[in-house]
Number of protein chains: 2
Amino acid sequence: MKATRSGKAKMPSDLVLARTASLFSAFANGGRLKAVVALMRHGPMSVTGLIEVCGLEQSALSHQLRVLRDGSLVVAERRGKQVVYALADDHIASILEDGIHHAREQSRKGDAT
Amino acid sequence: MKATRSGKAKMPSDLVLARTASLFSAFANGGRLKAVVALMRHGPMSVTGLIEVCGLEQSALSHQLRVLRDGSLVVAERRGKQVVYALADDHIASILEDGIHHAREQSRKGDAT
DNA sequence: CCGTCATATGACATCGATCTCATATGATAT
DNA sequence: ATATCATATGAGATCGATGTCATATGACGG
């Protein structure tokens with residue numbers, strides 16, 4: 001993965017651009033990110049599990065999970081009393097990892113905020 | 001680039017997670033995305049050029065460019081009266097293209113919103 | 001049926017993002 | 001020095017995002 005010369009890329013339609021923006025919006029929050037990363041690490045998890053990992057309140061997390069569902073980043077499945085969440089697809093994980101990687105590089109480059 | 005098994009990934013620190021969230025935040029807007037895509041297509045451009053391409057008002061675009069600069073997504077260089085913007089690095093373009101690609105796939109899968 | 005666990009939802013407050021308008025700054029030419 | 005072009009900035013309005021509290025729903029055990 002290196003084919004990233006800046007000079008060339010096809011101009012996406014406004015619709016695609018809007019969808020892209022909302023995809024990234026879904027990633028634009030620490031709590032949501034933490035949840036998605038948790039799903040990447042542990043695989044499918046119940047809400048209760050996510051609450052512990054993310055350190056968010058039940059209601060807050062539930063709202064965030066809704067955002068993730070609406071953005072099709074995750075899928076939910078009932079398992080008795082619980083609801084188990086999982087990543088919607090691997091591309092999601094790929095994009096997030098790429099973002100995390102970039103953030104790490106920035107840190108190493110001394111981009112101290 | 002395919003190594004996207006969901007099961008394994010290292011848990012990033014909260015700092016990295018926060019940085020990642022703010023990276024994605026910078027991408028979480030149609031106007032900003034349009035500007036970045038323009039820079040990918042045409043290479044470095046002046047603000048005036050970006051105004052035309054993005055269809056934003058001067059002031060609004062300037063504010064957005066500030067967000068992009070603050071997030072280190074783009075860099076600015078004075079060129080006489082003008083200021084020329086360019087992508088900060090190729091990784092930025094890579095991440096964005098990946099996001100656009102995902103958005104396109106979603107559309108094809110009939111994820112009509 | 002009732003109580004309880006697990007999760008979702010709605011209303012509301014608050015905080016942040018984005019836009020607009022007016023104005024400031026910086027560079028160049030006259 | 002002044003005018004003008006190109007861009008940035010600040011203040012304020014408005015809209016959306018996030019969190020909290022209270023309550024609803026859904027599943028299961030007794």
Side-chain angles (χ1 to χ4, degrees), chain A residues 14 17-39 42 44-86 88 113, chain B residues 14 17-36 38-39 42 44-88 113:
Chain A
D14 279 14
L17 237 31
R19 278 174 190 281
T20 307
S22 81
L23 167 66
F24 286 127
S25 299
F27 279 129
N29 173 277
R32 254 146 27 211
L33 246 40
K34 212 162 190 172
V36 174
V37 170
L39 296 176
H42 309 295
M45 294 180 72
S46 70
V47 175
T48 308
L50 287 169
I51 288 175
E52 291 166 21
V53 174
C54 302
L56 291 179
E57 213 189 303
Q58 184 270 316
S59 182
L61 178 62
S62 193
H63 281 302
Q64 301 291 29
L65 288 173
R66 170 125 91 143
V67 174
L68 293 174
R69 266 186 287 128
D70 287 352
S72 300
L73 304 209
V74 304
V75 293
E77 184 200 351
R78 271 221 109 95
R79 260 294 202 167
K81 288 195 217 175
Q82 314 202 132
V83 174
V84 174
Y85 280 80
T113 302
Chain B
D14 279 15
L17 237 31
R19 279 174 189 280
T20 307
S22 81
L23 167 66
F24 285 127
S25 298
F27 278 129
N29 173 276
R32 259 155 11 221
L33 246 41
K34 212 161 190 171
V36 175
L39 294 176
H42 310 295
M45 293 181 71
S46 70
V47 175
T48 309
L50 287 170
I51 288 174
E52 292 166 21
V53 174
C54 303
L56 291 180
E57 211 189 306
Q58 184 270 318
S59 182
L61 178 61
S62 193
H63 282 301
Q64 301 289 30
L65 288 173
R66 170 123 92 142
V67 173
L68 292 174
R69 266 184 288 128
D70 288 351
S72 301
L73 304 210
V74 303
V75 293
E77 186 200 350
R78 270 222 108 93
R79 261 293 204 168
K81 288 195 218 174
Q82 315 202 131
V83 174
V84 173
Y85 279 80
L87 290 187
T113 304

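Every chain is numbered from 1 and lettered A, B, ... according to where its sequence line falls, protein lines coming before strand lines. Here the structure is a predicted model, which means the values were calculated and not measured.
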Rounded to whole Å, please give me the gap between [atom1] in [X] and [atom2] in [N].
| X | N | atom1 | atom2 | answer |
| --- | --- | --- | --- | --- |
| Leu65(A) | dA8(C) | CG | C1' | 10 Å |
| Asp70(B) | dG16(C) | CG | P | 16 Å |
| Gln82(B) | dA29(C) | CD | P | 13 Å |
| Arg66(A) | dG19(D) | CZ | P | 15 Å |
| Leu68(A) | dA17(D) | CG | P | 14 Å |
| Glu77(A) | dA6(C) | CD | C1' | 15 Å |
| Leu61(A) | dG19(D) | CG | P | 10 Å |

* To do: Could you tell me whether Ser25(B) contacts a base, only the sugar-phosphate backbone, or nothing, with contacts defined as non-hydrogen atoms closer than 4.0 Å?
  =>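 Touches nothing.
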* To do: Pick base, sugar-phosphate or nothing for Ser62(B), based on heavy-atom distances below 4.0 Å to the nucleic acid.
  => base
* Residues from residues 28-36 of chain B lying under 4.0 Å of DNA chain C - heavy atoms ->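 Residues of residues 28-36 of chain B under 4.0 Å from DNA chain C: Asn29(B), Arg32(B).
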Give, for atom [atom1] of [X] and atom [atom2] of [Y], the distance between the pair rounded to the nearest 0.5 Å.
| X | Y | atom1 | atom2 | value |
| --- | --- | --- | --- | --- |
| Leu23(B) | Arg19(B) | CG | CZ | 11.0 Å |
| Leu65(A) | Gln58(A) | CG | CD | 9.5 Å |
| Cys54(A) | Leu17(B) | SG | CG | 9.0 Å |
| Leu33(A) | Ser22(B) | CG | OG | 10.0 Å |

Looking only at heavy atoms, which two atoms of [X] and [Y] are closest? And how far apart?
| X | Y | value |
| --- | --- | --- |
| Phe27(B) | Val36(B) | CE2-CG1, 4.5 Å |
| Ala26(A) | Leu73(A) | CB-CD1, 3.6 Å |
| Val83(A) | Ala76(A) | CG1-CB, 3.7 Å |
| Gly30(A) | Ala21(B) | N-CB, 3.8 Å |

Grab the N/O contacts between the protein and nucleotides 25-30 of chain D below 3.5 Å, and write none if there aren't any.
none

* Near DNA chain D, which residues from residues 49-59 of chain B have a heavy atom under 4.0 Å away? -> Gln58(B), Ser59(B)
* Asked: Hey, is the side chain of His63(A) pairing donor to acceptor with the base of dT7(C) inside 3.5 Å?
  -> no
* To do: Check whether any side-chain nitrogen or oxygen of Tyr85(A) sits under 4.0 Å from OP1 or OP2 of dA8(C), and answer yes or no.
  =>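 Yes.
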Show me the donor-acceptor pairs, under 3.5 Å and distance only, between side chains in residues 44-51 of chain A and residues at least two apart or in other chains.
residue	atom	partner	partner atom	Å
Ser46(A)	OG	Gly49(A)	N	3.1

* Asked: Any salt bridge (charged side-chain N to carboxylate O under 4.0 Å, His left out) pairs touching residues 26-35 of chain B, not counting sequence neighbours?
  ->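 Checked against salt bridge (charged side-chain N to carboxylate O under 4.0 Å, His left out) - neighbours excluded - the pairs reaching residues 26-35 of chain B are Asp14(A)-Lys34(B).
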* Structure fact -> Across all chains, not counting sequence neighbours, the ring-ring contact (aromatic ring centres under 6.0 Å, His included) partners of Tyr85(B) are none
* Of Ala60(A) and Ala60(B), whose nearest nucleotide on DNA chain D comes first from the 5' end? -> Ala60(B)
* To do: Go through the steps to decide whether Leu68(A) and Gln64(A) satisfy the test side-chain contact (heavy atoms from CB on, under 4.5 Å), and finish with yes or no.
  => CA-CA 6 Å; Leu68(A) 293 174; Gln64(A) 301 291 29; 5.6 Å; no
* Out of dC19(C), dA8(C), dT7(D), which has the shortest distance to the side chain of Val47(B)? ->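 Comparing dC19(C), dA8(C), dT7(D) against the side chain of Val47(B), the answer is dT7(D).
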